[in-house]
There are 2 protein chains.
Amino acid sequence: MAKDQIQEACKNCSEEINSFCSILCEHPEVQKSCITFKKGQLLFHEDTNPKGVYCINSGKIKIYKTSLDAKEHIISIVGTGALIGFAPIIAEGTHEISAKALEECHVCFISRKDFLKVLQTSPELKLKLLKEACKRNGGIIESLFNIAVRPVKDRLAVCLLMLKEVYNNSNTASPVEINLTREEISSIVGTSAETVVRLLKEMERDNLIQITGRKILITNEAKLFKIGKIY
Amino acid sequence: MAKDQIQEACKNCSEEINSFCSILCEHPEVQKSCITFKKGQLLFHEDTNPKGVYCINSGKIKIYKTSLDAKEHIISIVGTGALIGFAPIIAEGTHEISAKALEECHVCFISRKDFLKVLQTSPELKLKLLKEACKRNGGIIESLFNIAVRPVKDRLAVCLLMLKEVYNNSNTASPVEINLTREEISSIVGTSAETVVRLLKEMERDNLIQITGRKILITNEAKLFKIGKIY
DNA sequence: TCTAAAAATTGATTAAAATCAATTTTTAGA
DNA sequence: TCTAAAAATTGATTTTAATCAATTTTTAGA
């Protein structure tokens, strides 16, 4: 970890009681580091040994996997409150996925050693992680199923709704605009950027969304739900 | 649970120490049931409330998901030693997946209530489940990635190798023959049965496998590994 | 504000794999 | 063993979506 990335302290990272961050950071034996990742910076790369866990305090991070021929698939996009990097520590393996900042991110880093110390002593953390892991499992299975049996358009609808949720938790009342590149959206959906462009245009024609440059605004959520067959 | 499914007791279900089954079944407060599922019988169906967990003592079970239009995707095939059904109990939701016996299966059923009782009191179980959940996560992410970015033939190679592993743990020294229908294989790979037939034939021509009726015998594992790009 | 670079868009073409429609083979029970 | 039903196989056709190749627009910095 480069020295200049480490900050004095993150002010309100433990505000939310019972969050991953507060459980970990408020533990007497934990020596955390507050790190700022700039847009495009890598938190960790797949197939490497896990150095520790990361609590996301602000910003969005993409969780993805790449193939040797540089094809990328985005598994999820996570934001404030998420804890990432723990699975390979617990499973005693290497990182299954890579994590990269999509925008400037403030993160608490807790070393593997400290994390395991808390894990041993805290039934609360164990249970919370177990619940988190089980929920994630369900989510990934859903994605796997969708990509295996459903057409691109349905998956794009699901993707847009997911993105709306992810970018929603800001406290502004303004409508959520999706501002990822077509390439990134295609890596979530599992298709090509050109196909995303064509389908988005079709959706705009059907008044499901509104496109302004790169930005996408959802205007008919109900219909998107129907296409995505989300109940 | 139909009465006639419940057996006297399963003799050696807790033989393997520290297995899920022994941790759960040997707990003083647990009242387990030993159940035999016939080939084709359902253990539980997606979207239903979880009644309890199932330790597989013998036989193979397919874990899958279906769409409204009856398209099926097999997530995994599990056998002896596996514990299934716990995720929705912990995540406090409904079953994300369905589970069906591929052959006659002997299973210990532990009710949700009993399972939660053990979970509260056993840090050992909590940690073991957490590890299991994290490992599964990695596996599903791998599948998701493969289906998102890799061609059918590569995925079929991965599938055959997976099946070899799954059907391997019998104690016989005889070579492992894969004996699923083409339809089932296609539901694992995420393709059509016809495509599976054509690719299997191609693999036979290239001396990777040997086909006898429905049965597939792997004859060149190394080459399959190469196609599947498994390290 | 200006500008090079990145991204989006569009149309044409190709490729991969699905679907359809028989036909043959295999399998699981009776 | 025999036999109906299920599954596998095969070839032809279609569909979906990828890829390719420009061109236009937008964006992120200088």
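Residue numbers begin at 1 in each chain, while the letters A, B, ... track the order of the sequences.
With rounding to the nearest 0.5 angstrom, the CZ atom of R214(A) is 8.0 Å from the CD atom of E184(A). L208(A) CG to I227(A) CD1: the interatomic distance, rounded to the nearest 0.5 Å, is 5.0 Å.
When the salt bridge (charged side-chain N to carboxylate O under 4.0 Å, His left out) test is applied to E194(B), no partner is found at least two apart in sequence or on another chain. Looking at residues two or more places apart in sequence or on another chain, you find a salt bridge (charged side-chain N to carboxylate O under 4.0 Å, His left out) between K71(B) and D69(B). Residues satisfying the ring pair (Phe, Tyr, Trp, His ring centres under 6.0 Å) criterion with Y64(B), sequence neighbours excluded, are absent altogether. Not counting sequence neighbours, the partners of E132(B) by the salt bridge (charged side-chain N to carboxylate O under 4.0 Å, His left out) test are R136(B).
Spacing between atom CG of L180(A) and atom C1' of dA6(C) amounts to 16 Å, rounded to whole angstrom units. In this structure, CD of E183(A) is placed 8 Å from P of dA7(C), rounded to the nearest angstrom. Here the P atom of nucleotide dT16(D) and the CD1 atom of I147(A) are 18 Å apart, to the nearest Å. Computed from coordinates, the R182(A) CZ to dA18(D) P distance equals 16 Å when rounded to whole Å.
Within a 6.0 Å radius of NZ in K223(B), other residues, nucleotides and ligands contribute 12 heavy atoms or fewer.
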| query | Reading nucleotides 16-28 of chain C 5' to 3', which nucleotides get B (base under 4.0 Å from a protein heavy atom), which S (sugar-phosphate only), which -? | reply | -SSBB------SS
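H73(A) and S187(A) share no donor-acceptor pair across their side chains, judged by distance under 3.5 Å alone.
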| query | When Watson-Crick pairs (N1 to N3 and N6-O4 or O6-N4) and G-U wobble pairs (N1-O2 and O6-N3) count only below 3.5 Å on both distances, what is the dot-bracket string of DNA chain D, with | for other-strand pairs? | reply | ||||||||||||||||||||||||||||||
